[in-house]
Amino acid sequence: MITWGCQMNVYDSARMTDVLRPLGYAPVDDPTQADMIILNTCHIRDRAAEKVFSELGRLRLIKEERSTEGRKTVLAVAGCVAQAEGEQILKRAPFVDIVLGPQTYHRLPEMVAKAARAGGSVIDTDFPAEQKFDFLPDSEGPQTAGNVTAFLTVQEGCDKFCSFCVVPYTRGAEASRPVASVLAEARRMVASGVRELTLLGQNVNAYHGEGPDGGTWSLARLAYALADIPGLERIRYMTSHPRDMGDDLIAAHRDLPALMPFLHLPVQSGSDNILRAMNRGHTADEYRRLVDRLRAMRPDLALSSDFIVGHPGETDADFEETMRLIRDVGFALAYSFKYSIRPGTPAAGAPLQVAENVKDERLQALQALLREQQDAFNQSVVSLTAPVLFTGRGRKPGQMVGRSPWLQPVHVNGSDDLVGTIHPVLITERLSNSLAGNLVKECVPA
């Protein structure tokens with residue numbers, strides 16, 4: 001399994017492993033030893049399709065070499081590029097056996113059998129009426145066994161149709177998993193050793209799953225139920241949309257100790273003109289007020305965000321509005337990108353496309369400011385004692401690494417018995433992308 005892109009793809013790859021296990025497949029690290037290779041793709045980044053075809057060229061050589069040794073290799077392309085490109089993948093790479101979209105991987109065993117019977121390629125990029133989660137086997141846990149943290153998809157798809165985004169076309173409409181299904185999988189993960197769950201969704205805070213009582217549960221109500229699972233110490237969620245931050249979810253950040261004080265809340269731009277062009281459905285000041293409400297509930301809340309520079313029509317004044325919003329809000333972490341055309345999206349054919357050299361200049365300035373804020377935030381926790389959830393060994397002998405409540409990697413000198421525990425750590429130093437500290441003797445609760 002080769003996985004590119006977002007955390008949801010990581011989760012999807014684990015579930016594809018689950019559905020293939022009854023056929024006798026098990027994960028291997030070396031593709032040259034794999035009887036089946038699945039390339040699980042992402043369509044968010046620039047030139048995503050071309051990168052897939054380039055990788056397929058490499059995988060073709062592996063498939064051909066194994067064939068000369070009498071070993072058959074099934075080659076599959078999954079994920080969002082598979083959904084977007086479909087038949088084009090088989091035209092350009094006829095050696096691919098299976099093309100499947102992100103909503104159909106529960107049917108992967110049938111595709112494998114069909115490809116074997118037909119001796120040709122199989123494609124399934126439908127948006128089936130049934131939800132795939134209703135047909136997936138219970139996760140057996142190997143993908144989380146021994147892991148302290150894990151991802152859990154609770155919501156998929158998007159109804160927002162931002163001008164720059166392909167997600168509504170590759171993942172489909174918003175759909176939420178039933179509460180019982182989410183809680184059952186969470187309990188299995190915790191039983192395998194998971195102590196921190198990150199709930200995933202394209203618009204995760206739009207979650208509206210069917211509850212055991214037949215009613216509709218919000219993400220906040222789901223979080224309260226998850227917090228009652230013994231052994232689950234920490235809960236996070238991403239990615240959120242500002243339009244879906246309900247009052248109950250804001251209040252949950254005050255009331256739920258397990259809900260970590262770190263929130264990824266993409267704004268994309270600080271210019272109202274560009275936010276309208278992006279079809280974001282909120283203004284810059286509405287975002288500011290939302291942040292103020294969240295911080296009033298949880299004063300230690302740290303924020304991360306996404307920013308796109310150079311969206312069609314963005315002027316110097318629009319860009320400066322984005323810089324002003326960043327200065328006003330302050331971010332502990334952020335992801336920033338140059339706008340790139342996604343065929344089929346509204347912005348692809350929009351007038352006033354911004355020149356590449358202008359995008360480059362704006363991105364450098366924006367990233368410099370964001371890096372300054374990230375460094376300042378990390379410096380602000382130096383000399384604090386923070387509860388750290390330890391996840392494994394560091395790179396150096398005798399070093400262990402964990403996560404602060406604000407998702408920062410923290411390194412200490414310690415032993416393997418720290419893994420899976422939460423210990424107080426006195427933060428002593430800010431490093432380039434992490435923190436260093438010393439263990440404090442007494443444990444503290446999560």
Side-chain angles (χ1 to χ4, degrees), residues 43-48 158-168 202-203 205 238-245 263-296 301-377 380:
H43 207 293
I44 296 299
R45 300 294 179 260
D46 192 20
R47 299 187 299 278
C158 183
D159 296 341
K160 302 296 190 293
F161 289 92
C162 295
S163 64
F164 52 84
C165 186
V166 297
V167 166
Q202 267 81 35
N203 287 302
N205 55 339
M238 66 182 302
T239 293
S240 304
H241 196 290
R243 287 163 54 187
D244 294 318
M245 288 299 301
L263 176 60
H264 186 61
L265 189 63
V267 63
Q268 307 297 356
S269 174
S271 162
D272 287 347
N273 291 331
I274 298 303
L275 289 170
R276 279 192 297 270
M278 288 179 167
N279 194 37
R280 292 289 292 171
H282 62 83
T283 67
D285 279 345
E286 285 170 344
Y287 185 88
R288 289 182 176 92
R289 289 194 293 272
L290 177 58
V291 169
D292 289 343
R293 292 179 61 203
L294 284 160
R295 285 176 169 161
L301 183 75
L303 286 172
S304 69
S305 190
D306 294 342
F307 293 92
I308 294 175
V309 301
H311 186 278
E314 184 185 70
T315 65
D316 288 342
D318 292 323
F319 175 68
E320 183 49 44
E321 286 297 298
T322 297
M323 297 289 276
R324 184 164 73 90
L325 181 138
I326 293 171
R327 296 186 190 100
D328 290 347
V329 172
F331 294 94
L333 182 68
Y335 305 94
S336 52
F337 314 94
K338 294 187 297 181
Y339 169 77
S340 59
I341 291 175
R342 295 291 180 269
T345 59
L352 303 176
Q353 296 284 333
V354 178
E356 284 298 317
N357 65 314
V358 174
K359 293 181 192 177
D360 288 336
E361 292 174 3
R362 291 176 183 171
L363 184 63
Q364 290 177 23
L366 180 135
Q367 289 181 338
L369 176 58
L370 290 171
R371 183 68 203 198
E372 179 183 313
Q373 290 192 347
Q374 180 178 342
D375 289 346
F377 177 76
S380 73

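- K160 and N279 make their closest contact through O-ND2, 3.1 Å (heavy atoms, listed as atom of the first residue, atom of the second, distance).
- Taking every heavy atom of both residues into account, E314 and I308 meet most closely at OE2-O, 4.1 Å.
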**Request:** Output, in order, the C-alpha distance, side-chain angles, deciding distance and verdict of side-chain contact (heavy atoms from CB on, under 4.5 Å) for R295 and L303.
**Result:** CA-CA 10 Å; R295 285 176 169 161; L303 286 172; 3.8 Å; yes
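- With rounding to the nearest 0.5 Å, the separation of CD in Q202 from NE2 in H241 is 12.5 Å.
- How far CG of D375 is from OG of S380: 11.0 Å, rounded to the nearest 0.5 Å.
- A donor-acceptor pair is defined here as one N or O able to donate and one able to accept, closer than 3.5 Å; such a pair exists between the side chain of S163 and the backbone of A277.
- A distance-only check finds no donor-acceptor pair linking the side chain of D244 to the backbone of N205 [under 3.5 Å].
- Looking at heavy atoms from C-beta onward, L265 lies in side-chain contact with L290 at the 4.5 angstrom threshold.
- Looking only at distances, no side-chain donor or acceptor of Y335 sits under 3.5 Å from a matching main-chain atom of P266.
- Put simply, the side chain of V267 does not reach to within 4.5 Å of the side chain of R280, judged on heavy atoms.
- Although no hydrogens or angles enter the test, the distance criterion places no donor-acceptor pair under 3.5 Å between the side chain of S271 and the main chain of E321.
- Closest non-hydrogen pair, D318 versus G313, comes out as OD2-O, 3.4 Å.
- Under the 3.5 Å distance criterion, the side-chain polar atoms of D328 are left unmatched by any main-chain donor or acceptor of L325.
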**Prompt:** Given L333 and H264, is the side-chain contact (heavy atoms from CB on, under 4.5 Å) satisfied, shown in steps?
**Reply:** CA-CA 9 Å; L333 182 68; H264 186 61; over 6 Å; no
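- Considering every non-hydrogen atom in both L275 and T283, the closest pair reads CD1-C, 3.7 Å.
- The residues D272 and R276 are annotated as not salt-bridged, no charged nitrogen and carboxylate oxygen being separated by less than 4.0 angstrom.
- In this structure, CD on Q364 lies 9.0 Å from NZ on K338, to the nearest 0.5 angstrom.
- Of all the heavy atoms in Q353 and A347, the pair that sits closest is NE2-O, 3.1 Å.
- Looking only at side-chain heavy atoms (C-beta outward), F307 and L370 come within less than 4.5 Å of each other.
- Counting heavy atoms from C-beta on, the side chains of V354 and Y339 never come closer than 4.5 Å.
- When ring centroids are compared, F337 and F164 stay outside the 6.0 Å threshold.
- Listed for the S304 side chain is no donor-acceptor partner under 3.5 Å among the backbone atoms of A334.
- Using a 4.0 Å cut-off between charged side-chain N and carboxylate O, R327 and E320 make a salt bridge.
- Closest non-hydrogen pair, M245 versus S240, comes out as SD-CB, 4.4 Å.
- Using a 4.5 Å cut-off on side-chain heavy atoms (C-beta onward), L366 and F319 make contact.
- Of the possible donor and acceptor atoms, one in the side chain of Q373 sits under 3.5 Å from a partner among the backbone N and O of I326.
- Side-chain contact between T322 and V309 is absent, with no heavy atoms from C-beta onward closer than 4.5 Å.
- Side-chain contact between S269 and M278: present, with at least one pair of heavy atoms (C-beta onward) separated by less than 4.5 Å.
- Using a 4.0 Å cut-off between charged nitrogen and carboxylate oxygen, D285 and R288 count as a salt-bridge pair.
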